[in-house]
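Lettering follows sequence order; numbering is per chain, from 1. Heavy-atom basis, side chains included; hydrogens, waters and symmetry copies ignored.
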Protein chains: 2
Amino acid sequence: MKRHVLIFGVVGGLLIATLQYTEYRFVVIQHSVELYGALVAILFAAFGIWLGLRLTRRREIIRETVVVKEVLVPAEAPAPIAPNMAPFAPNAARQQTLGITARELEILTLVARGLSNREIATQLFVSENTVKTHCARAFDKLGAARRTQAVQRGKELGLLP
Amino acid sequence: MKRHVLIFGVVGGLLIATLQYTEYRFVVIQHSVELYGALVAILFAAFGIWLGLRLTRRREIIRETVVVKEVLVPAEAPAPIAPNMAPFAPNAARQQTLGITARELEILTLVARGLSNREIATQLFVSENTVKTHCARAFDKLGAARRTQAVQRGKELGLLP
DNA sequence: GATGTCGTCATTCTTTCGGGTGATTTTGCA
DNA sequence: TGCAAAATCACCCGAAAGAATGACGACATC
């Protein structure tokens, strides 16, 4: 958390130094102090936005509510073609007993959708290595050696739709 | 959300204008363009941080974990505990339109069960290369690039249980 | 007999996966 | 405020998967 402020200070100082150095070479020579100011403004604005995003990243309050929804299932009714009439609730109990974290389950669902590790990484804004780590842990907890097997197990256990 | 960007632009422009105006009155007179740059930098950095904070204000995520509890209606017909009492009839029509052969579908179901190519080859008494060929053809017909994607497509299309 | 489909298998090459290990950072909680 | 869990990322290496091609035999059909 504090690291970012440090980075901000250091890089900011470097920026100022650079700008001040180049100032005497290009900008001021051409009598365009406005350009110099605009450049500083843009750079620091972008940097400030970056810092702001860093500081308040994923700082959400998660209010979890468990809603038990009882669904009457006619016994003779065949399984619906699209089984997603209900938004699907992953079996939280089983997830807990297996020790599968929310992030791992999230990656698992994307795996089940047929995405590659790289695509998942892009979609979640993390590195491919991170995805692989989550995958490996999830596979381990599911006792799966391959991603297809993990998907199969996940569906069996009611973790995946 | 976009309002903040607008505010940012407007206020940023005003700041630049103000600074450019005052520049000729105070700052440049004292030959301190550095001060001018630093001022711009600080102002815009603070402004950027503000914008970043605005944009990603801590959102309160209300996550409702819906636990779907299936209550079987006491019907006259005995309810199938597992919905696969019928051995699952793959959508033959769709299979035909896609031109997927029986052998390809057979391999596809084994893929969906999480078996590796080698395991499939062993189980079917064919070579691993053959399995790969069938896989490739099936993936092509399904428009899938990966086996997980093929499984997902196959389930969507009713080809796989 | 020519044609076409299907199943089988091989080779080469590239990409992706997965295991193993270690490290740092962030976060939630006591 | 400190600790434990979770999340993130990196690196290496071997195995698996997949793409691209070519080939061959069985079988059916015309």
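- Looking at B/Glu119, its side chain does come within 3.5 Å of a backbone N or O of B/Ser116 through a donor-acceptor pair.
- One distance of note links CD1 of B/Ile100 with CD1 of B/Ile107; it measures 12.0 Å at 0.5 Å rounding.
- One atom, CZ of A/Arg103, and another, P of C/dT27, lie 12 Å apart when rounded to the nearest Å.
- Residues passing the side chain to side chain donor-acceptor pair (under 3.5 Å) test with B/Arg113: none are found, sequence neighbours excluded.
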Inset, instruction - Walk me through it: do B/Leu157 and B/Arg153 pass the test side chain to side chain contact (heavy atoms under 4.5 Å, CB included)? - result: CA-CA 6 Å; B/Leu157 297 173; B/Arg153 294 277 300 137; 4.0 Å; yes

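- To the nearest angstrom, P of D/dA6 lies 11 Å from CD of A/Gln95.
- Look at A/Thr101 and you won't find any side-chain N or O under 4.0 angstrom from OP1 or OP2 of D/dA5.
- Applying the side chain to side chain contact (heavy atoms under 4.5 Å, CB included) rule to B/Gln149 yields the partners B/Ala144, B/Ala145, B/Arg146; only residues at least two apart in sequence or on another chain are considered.
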Mind listing the N/O atom pairs, protein and nucleotides 10-14 of chain D, below 3.5 Å?
none

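- The salt bridge (Lys or Arg N to Asp or Glu O under 4.0 Å) search around A/Lys141 returns A/Glu104, not counting sequence neighbours.
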Inset, instruction - In sequence, state the C-alpha distance, the side-chain angles, and the governing distance for A/Leu108 and A/Leu142, and then conclude on side chain to side chain contact (heavy atoms under 4.5 Å, CB included). - result: CA-CA 11 Å; A/Leu108 216 49; A/Leu142 284 172; 3.5 Å; yes

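- Here C/dA10 presents its C1' atom at 14 Å from NE2 of B/His134, a figure rounded to the nearest Å.
- Under the side chain to side chain donor-acceptor pair (under 3.5 Å) criterion, A/Arg118 pairs with A/Glu128, not counting sequence neighbours.
- Without hydrogens or angle criteria, A/Lys155 side chain to A/Pro161 main chain gives a donor-acceptor distance under 3.5 Å.
- Looking at B/Arg137, its side chain comes within 3.5 Å of the base of C/dT8 through a donor and an acceptor atom.
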Inset, instruction - Begin from the C-alpha positions of A/Arg147 and A/Asn117 and carry the test side chain to side chain contact (heavy atoms under 4.5 Å, CB included) through to its verdict. - result: CA-CA 10 Å; A/Arg147 48 178 47 216; A/Asn117 286 341; 2.4 Å; yes

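- When the salt bridge (Lys or Arg N to Asp or Glu O under 4.0 Å) test is applied to A/Arg137, no partner is found at least two apart in sequence or on another chain.
- Taking every heavy atom of residues 112-124 of chain B and every atom of DNA chain D, pairs under 4.0 Å involve B/Ser116, B/Asn117, B/Arg118, by number.
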Inset, instruction - Starting at the 5' end of DNA chain C, write a dot or bracket for each base, bracketing those in Watson-Crick or G-U wobble pairs whose two distances are under 3.5 Å and using | for partners on another strand. - result: ||||||||||||||||||||||||||||||

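- For DNA chain C, the residues of residues 139-153 of chain A within the heavy-atom distance limit of 4.0 Å (strictly under) are A/Phe139, A/Ala145, A/Arg146, A/Arg147, sorted by number.
- In terms of the side chain to side chain donor-acceptor pair (under 3.5 Å) criterion, residue partners of B/Glu106 (sequence neighbours excluded) are, by chain and number, B/Arg103.
- Residue order along DNA chain C, read from the 5' end via each residue's closest nucleotide, puts B/Glu104 first among A/Ala136 and B/Glu104.
- Taking B/Ser127 as the reference, B/Asn129, B/Thr130 meet the side chain to side chain contact (heavy atoms under 4.5 Å, CB included) condition, with sequence neighbours excluded.
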